[in-house]
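Worksheet: one structure, shown below.
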There are 2 protein chains.
Amino acid sequence: MAEALTSEAILAATEEVLRRYGPAKATVVDVAKALGVSHGSVYRHFATKAVLREAVTRRWLDAIHEEMEKEFDPNLSAGDLLRDWLQRLFDKKRLSHTEDVELFTTFRTLVGENSAVIEYHLDHLVGQVARIIRAGVDTQEFVTDDVEKTAQAVWDATQVFHHPAHAQEWGNPHIQDAFDAVVSLVVAGLRYNRTPSATGDA
Amino acid sequence: MAEALTSEAILAATEEVLRRYGPAKATVVDVAKALGVSHGSVYRHFATKAVLREAVTRRWLDAIHEEMEKEFDPNLSAGDLLRDWLQRLFDKKRLSHTEDVELFTTFRTLVGENSAVIEYHLDHLVGQVARIIRAGVDTQEFVTDDVEKTAQAVWDATQVFHHPAHAQEWGNPHIQDAFDAVVSLVVAGLRYNRTPSATGDA
DNA sequence: GGACTGACAGATTTCAATATCTGTCAGTCC
DNA sequence: GGACTGACAGATATTGAAATCTGTCAGTCC
């Protein structure tokens with residue numbers, strides 16, 4: 001009865017319990033036990049188990065966002081900026097997958113439980129891609145008449161390297177070559193792209 | 001005891017049983033029952049249940065291959081050929097998904113059970129992409145010093161539109177726009193691509 | 001004698017009873 | 001009086017005994 005129970009402490013304990021038991025076995029009772037309180041106390045801070053899980057998920061994704069937010073090096077071309085940014089994202093995902101598959105799978109499940117959180121996460125990251133592309137358009141390195149749409153296309157074209165459904169492929173020894181080939185293709189496309197309506201025929 | 005039991009009849013019956021009960025419930029006994037024979041007879045043609053399932057899967061994929069094998073229109077540019085081919089594949093996958101999700105899921109499970117079948121399937125389709133790209137390189141419409149690698153990159157960049165893990169996204173009303181944007185980006189890249197080793201810097 | 005059957009052992013799945021968990025709330029404790 | 005407890009109802013998960021399935025093979029049937 002020393003310290004008051006905080007939402008933050010509950011989130012940390014929940015993360016620990018999820019890490020230990022996995023998403024299928026982790027219960028609110030486990031969280032309460034880890035904190036030395038009754039499970040009723042947890043419900044004073046989070047209305048339902050689903051809300052608690054969502055909060056943990058959001059917390060985790062925010063950490064990724066922060067890491068990907070790094071300032072851009074103004075000496076690099078937009079192509080290299082984009083390449084570096086995608087490489088950084090890929091390295092982060094791949095590392096977190098190979099270092100602890102079970103934890104990775106746990107968070108994949110959590111994210112999959114709440115499509116609102118996914119949308120928030122993707123919007124943020126695609127927004128960062130859009131920022132890089134806009135910089136490239138400003139310096140006339142890139143050509144596009146719809147930055148948002150093109151950013152989404154770059155995101156879609158690189159799904160293999162960040163979508164969790166493709167995580168098992170990240171262990172392939174040639175995956176970095178595949179990444180380089182796709183990113184080169186995409187960057188080349190950005191330097192010489194016309195949107196569908198403008199291409200029509202060859 | 002009129003006709004002799006053929007492997008072909010067993011395959012057809014297995015497909016029907018899979019269609020009806022799904023991959024989790026379909027048993028060899030069900031197949032035998034559908035054929036009016038004892039399940040021991042099925043084992044005279046297929047050593048194990050896994051082998052039987054693999055044969056059905058291969059049969060199904062072969063049908064896709066055949067449909068995608070269509071002759072190329074020599075009047076079209078390589079870019080349009082590639083766009084059409086990818087569109088055809090996407091339409092086929094999307095249709096089979098939206099028309100009967102359960103059957104689609106069943107085959108997804110079957111394919112997932114045997115990585116050898118996946119490899120055979122992918123090699124075949126990526127080979128077709130390579131053929132189109134090679135044609136484009138021959139007419140100097142496309143630029144690449146490694147057709148195979150580039151074909152794989154085109155395949156990887158379009159995963160969202162053929163990999164079954166992304167099937168749920170195919171129902172999105174804007175998916176065709178996303179497809180057009182990615183394919184435009186990729187085709188533009190093929191027209192102005194340098195492989196990673198040759199790009200180095202901007 | 002070769003295609004087929006059906007009974008069998010061991011592995012897997014089903015099902016219903018039992019236990020645990022979620023979410024609530026009246027009551028306890030500083 | 002506000003943070004916390006713990007007993008409770010209904011929902012969900014676990015478990016182990018019973019049923020079913022896989023794969024084999026000696027035996028039957030044209």
Side-chain angles (χ1 to χ4, degrees), chain A residues 1-59 102 105-106 108-110 112-114 116-117, chain B residues 1-59 102 105-106 108-110 112-114 116-117:
Chain A
M1 297 81 202
E3 328 275 88
L5 182 62
T6 64
S7 296
E8 186 55 32
I10 294 174
L11 287 176
T14 306
E15 207 171 305
E16 179 55 24
V17 167
L18 280 165
R19 195 182 296 267
R20 192 144 44 224
Y21 302 115
K25 294 288 186 70
T27 70
V28 176
V29 172
D30 290 332
V31 173
K33 215 177 295 177
L35 290 162
V37 299
S38 83
H39 75 280
S41 298
V42 173
Y43 281 97
R44 311 199 94 264
H45 292 83
F46 298 94
T48 67
K49 186 185 185 181
V51 166
L52 174 57
R53 281 174 167 241
E54 184 185 321
V56 170
T57 310
R58 212 172 273 274
R59 199 165 172 257
E102 223 166 307
T105 310
T106 293
R108 166 141 66 129
T109 305
L110 287 184
E113 276 170 10
N114 197 309
V117 176
Chain B
M1 295 80 198
E3 326 275 88
L5 182 63
T6 64
S7 295
E8 185 56 30
I10 294 174
L11 288 175
T14 305
E15 208 172 306
E16 179 55 24
V17 167
L18 280 165
R19 196 182 295 269
R20 190 138 53 220
Y21 302 114
K25 293 287 185 72
T27 71
V28 176
V29 172
D30 290 332
V31 174
K33 215 177 296 176
L35 290 163
V37 299
S38 83
H39 75 281
S41 299
V42 174
Y43 281 97
R44 310 199 89 264
H45 292 83
F46 298 93
T48 66
K49 185 185 184 181
V51 166
L52 174 57
R53 279 173 168 243
E54 185 184 321
V56 170
T57 310
R58 212 172 274 273
R59 197 167 176 256
E102 223 166 307
T105 311
T106 294
R108 167 142 65 129
T109 306
L110 287 184
E113 276 171 9
N114 197 310
V117 177

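At least one side-chain nitrogen or oxygen of S38(A) sits closer than 4.0 Å to the OP1 or OP2 atom of dT5(D). Here S41(B) reaches the OP1 or OP2 of dT5(C): one of its side-chain N or O atoms lies under 4.0 Å away.
We find that CZ of R53(B) is positioned 13 Å from P of dC21(D), with the value rounded to whole Å. In this structure, the CZ atom of R44(A) is 14 Å from the C1' atom of dC29(C), given to the nearest Å. Distance, L5(A) CG to dG2(D) P: 18 Å, rounded to whole Å.
Of the candidates dT5(C), dC4(C), dT5(D), the closest approach to any side-chain atom of V37(A) belongs to dT5(D).
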| field | side chain to side chain contact (heavy atoms under 4.5 Å, CB included) between K33(A) and D30(A), worked out | value | CA-CA 5 Å; K33(A) 215 177 295 177; D30(A) 290 332; 4.3 Å; yes
| message | Test side chain to side chain contact (heavy atoms under 4.5 Å, CB included) on V28(A) and F46(A); report intermediate values, then the result. | response | CA-CA 10 Å; V28(A) 176; F46(A) 298 94; over 6 Å; no
| For E8(B) and R59(B), what are the C-alpha separation, side-chain angles and deciding distance, and is it a salt bridge (charged side-chain N to carboxylate O under 4.0 Å, His left out)? | CA-CA 10 Å; E8(B) 185 56 30; R59(B) 197 167 176 256; 2.5 Å; yes
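No donor-acceptor distance shorter than 3.5 angstrom exists from the side chain of H45(B) to the backbone of L52(B), with no hydrogens or angles considered. One N or O on the side chain of T57(A) and one on the backbone of R53(A) form a donor-acceptor pair closer than 3.5 Å. Judged purely by atom type and a 3.5 angstrom limit, T106(A) uses its side chain to pair as donor or acceptor with the backbone of E102(A).
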Mind listing the N/O atom pairs, protein and nucleotides 14-22 of chain C, below 3.5 Å?
residue : atom : partner : partner atom : Å
dT22(C) : OP1  : V28(A)  : N            : 3.2
dT22(C) : OP1  : K49(A)  : NZ           : 3.0
dT22(C) : OP2  : V28(A)  : N            : 3.0
dT22(C) : OP2  : V29(A)  : N            : 3.4

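Taking all atoms of both residues into account, the shortest heavy-atom contact from A26(A) to V17(A) is CB-CG1, 3.7 Å.
Consecutive Watson-Crick or G-U pairing (both distances under 3.5 Å) extending over three or more pairs maps onto DNA chain D as C:1-30 with D:1-30.
Annotation: the span from L18(B) atom CG to K25(B) atom NZ amounts to 13.5 Å, rounded to 0.5 Å.
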